[in-house]
Amino acid sequence: MRTVLIPTDFSKNALHAIQYTQELFKCERACFFILNAYAEDVYGEFHTASENDIEKFKEEKRHEVQKKLDDLLDKVVGTPPNPLHTFETIASFDTLVDSVNDFVDEMNIDLVIMGTKGETSDHKTTFGSYTIEIFKYVKCPVLAVPEDFDYRQPKAILFPTDYMLPYKRRELKLLGDLAGKFKSDIHCLYITDFEDLSLRQQDNKLFLEQTLSRPFVHFETTSVKNKADTIMEHLDDKDAGMLVMVNSRHSFFEDMLYRSTVDLLGLKVKVPFLVMQNLKR
């Protein structure tokens, strides 16, 4: 059974992420955990209050959050419900990143899916601060779903990589399962001005090819321009339904997030964005 964790703040984009998840795993046995972390709501309003007031408000907030989760569940389960899907709700008195990380470890979660703001948002970028924190610190693959993305099967998946990373087999298997299920082409894109690969890169490329044996994998190379623009161009050229990258120190992904290239370029990823983590679990 696939285990999926979906953080929610009860917003429109969070609801969209749940609905997208149900479609993505429509024909697969899956357990969906819907989580709301409310510690910041408690301390944000009552940071100067007494301990008794904090405890009282914390209990009130817990009941309020659980009621919202129950109402949300009634809305998304459907009539009739999908017999392959089960749902559980979690009201967590913790910060979002810590609660997600703890639950990922506790339940051995396969994938975290969360909604992101759409293009109609007043913000300059698709990814909010919470999404970026989840990308950076959670030890589990994270799939960010744009609010205005209408569900469609990803017939092409773009995977920019420099072949420098020792990929995790479990996470590549997740990608291979998704691609295999939809008969998707995976386009591994290497952005470089050099044709030759080092021995390390050759080994990692071979590992990719062997692990992703179920779908049809293409290996492509393009010259260095602006990397973010190059990725956006290839997303359009391939009509890709999903973007995949690996989060690691000293990677292009790190450049995007840690150096705020997303903000500087106004990068708008209009398709679901799967971030795989190069971390031990």
TODO: Could you grab the distance from atom NZ of Lys183 to atom CD of Gln153, nearest 0.5 Å is fine?
DONE: 9.0 Å

Open item on the list: Ring of Phe182, cation from Lys155 - is the NZ or CZ under 6.0 Å from the centre and inside 45° of the axis?
Closed with: no

Task: Shared hydrophobic cluster, Met107 / Val138 (ILVMFWY, side-chain heavy atoms < 4.5 Å) - done: yes

TODO: Check whether any side-chain N or O of Asp110 sits under 3.5 Å from a backbone N or O of Thr3 as a donor-acceptor pair, and report yes or no.
DONE: yes

TODO: Identify the heavy atoms of Asp239 and Ala156 that sit nearest to each other, and give their distance.
DONE: O-CB, 4.4 Å

- [ ] For Gln201 and Asp162, indicate whether the former's side chain and the latter's backbone hold a donor-acceptor pair under 3.5 Å.
- [x] yes

Task: Test item: side-chain donor near acceptor, His187 and Glu220, under 3.5 Å - done: yes

Task: Chi angles and distances behind the side-chain contact (heavy atoms from CB on, under 4.5 Å) call for Met276, Val244 - done: CA-CA 7 Å; Met276 299 191 292; Val244 179; 3.7 Å; yes

Open item on the list: Within the 4.5 Å heavy-atom criterion, are Val100 and Tyr137 side-chain neighbours or not?
Closed with: no

- [ ] Please say whether more than 12 non-hydrogen atoms of neighbouring residues, nucleotides or ligands are located less than 6.0 Å from CZ in Arg152.
- [x] yes

Task: Asp236 CG to Met232 CE distance, which is reported to the nearest 0.5 Å - done: 6.5 Å

Open item on the list: Within 45 degrees of the ring normal and closer than 6.0 Å to the centroid, is that where the cationic atom of Lys205 sits relative to Phe219?
Closed with: yes

Task: Approximate separation, where rounding is to 0.5 Å, of Phe93 CZ and Ser99 OG - done: 11.5 Å

Task: Gln66 versus Thr89, side-chain donor and acceptor atoms under 3.5 Å - done: yes

Task: Exercise: identify the closest heavy-atom pair between Thr116 and Pro146 - done: OG1-CA, 3.1 Å

Open item on the list: Between His234 and Thr230 (side chain of the first, backbone of the second, donor and acceptor by atom type, cut-off under 3.5 Å), is there such a pair?
Closed with: yes

Task: Test salt bridge (Lys or Arg N to Asp or Glu O under 4.0 Å) applied to Asp185 and Lys238, step by step - done: CA-CA 10 Å; Asp185 288 333; Lys238 303 285 190 298; over 6 Å; no

Task: Test ring-ring contact (aromatic ring centres under 6.0 Å, His included) applied to Phe135 and Phe273, step by step - done: CA-CA 10 Å; Phe135 279 163; Phe273 185 12; 5.5 Å; yes

Open item on the list: Is it the case that over 12 heavy atoms from other parts of the model lie below 6.0 angstrom from the CZ atom of Phe10?
Closed with: yes

TODO: Nearest 0.5 Å please: distance from the CG atom of Leu208 over to the CD1 atom of Ile186.
DONE: 8.5 Å

TODO: Please say which of Lys61, Glu59, Lys67 ends up in a side-chain hydrogen bond (donor to acceptor under 3.5 Å, both in side chains) with His63.
DONE: Glu59

Open item on the list: Looking at every heavy atom in both Asn36 and Asp9, which two are closest together, and how far apart are they?
Closed with: ND2-CA, 3.9 Å

Task: Val76 backbone acceptor or donor facing Gln22 side chain under 3.5 Å - done: yes

Task: Shortest non-hydrogen separation from Met242 to Leu235 and the atoms involved - done: O-CD2, 4.3 Å

Task: Residues Lys173, Asp177; criterion salt bridge (Lys or Arg N to Asp or Glu O under 4.0 Å); working and verdict - done: CA-CA 6 Å; Lys173 183 178 183 304; Asp177 287 347; 3.0 Å; yes

Open item on the list: Could you walk me through whether Phe149 and Lys270 satisfy the side-chain contact (heavy atoms from CB on, under 4.5 Å) test, starting with their C-alpha distance in whole Å, then the side-chain angles of each, then the deciding distance to 0.1 Å, before giving a yes or no?
Closed with: CA-CA 7 Å; Phe149 179 81; Lys270 301 176 184 179; 5.9 Å; no

Task: Nearest atoms (heavy-atom pairs only) where Ile134 meets Gln277 - done: O-NE2, 4.3 Å

Open item on the list: Taking Lys139's backbone N and O only, do any of them form a donor-acceptor pair with Asn101's side chain (distance below 3.5 Å, no angle check)?
Closed with: yes

Open item on the list: For Thr95, is there any backbone N or O sitting under 3.5 Å from a side-chain donor or acceptor partner on Glu40?
Closed with: no

Task: Worked check of side-chain contact (heavy atoms from CB on, under 4.5 Å) between Cys188 and Val217 - done: CA-CA 7 Å; Cys188 297; Val217 182; 3.7 Å; yes

- [ ] Measure the CZ-CG distance between Arg170 and Asn108 for me, rounded to the nearest 0.5 Å.
- [x] 4.0 Å

TODO: Could you tell me whether the side chain of His16 and the main chain of Ser11 form a donor-acceptor pair under 3.5 Å?
DONE: no

Open item on the list: Can you confirm whether more than 12 heavy atoms, excluding those of Asp150, are under 6.0 Å from its CG atom?
Closed with: no

- [ ] Take Leu197 and Tyr163 through the side-chain contact (heavy atoms from CB on, under 4.5 Å) test and state the conclusion after the steps.
- [x] CA-CA 9 Å; Leu197 298 179; Tyr163 306 118; 4.2 Å; yes

Task: In one Ile/Leu/Val/Met/Phe/Trp/Tyr side-chain cluster, 4.5 Å: Met1, Phe25 - done: no

Task: Intermediate values then yes/no, ring-ring contact (aromatic ring centres under 6.0 Å, His included), Phe207 and Tyr167 - done: CA-CA 8 Å; Phe207 182 69; Tyr167 308 103; 7.0 Å; no

Open item on the list: Is a donor from one side chain sitting under 3.5 angstrom from an acceptor on the other, for Tyr151 and Gln19?
Closed with: no

TODO: Measure the OG1-CG distance between Thr161 and Asn204 for me, rounded to the nearest 0.5 Å.
DONE: 8.0 Å

Task: Side-chain H-bond candidate by donor/acceptor type, Ser92 with Asp94, under 3.5 Å - done: no

Open item on the list: Which heavy atom of Ile113 sits nearest to which heavy atom of Ala17, and what is that distance?
Closed with: CG2-O, 4.2 Å

TODO: Would you indicate whether Asp193, at its atom CG, is surrounded by more than 12 heavy atoms from other residues, nucleotides or ligands within a distance under 6.0 Å?
DONE: yes

- [ ] State whether the side chain of Thr211 and the backbone N or O of Arg169 hold a donor-acceptor pair below 3.5 Å, judged by distance alone.
- [x] no

TODO: Return yes if some donor-acceptor pair links the side-chain N/O of Arg200 with the main-chain N/O of Met164 below 3.5 Å, else return no.
DONE: yes

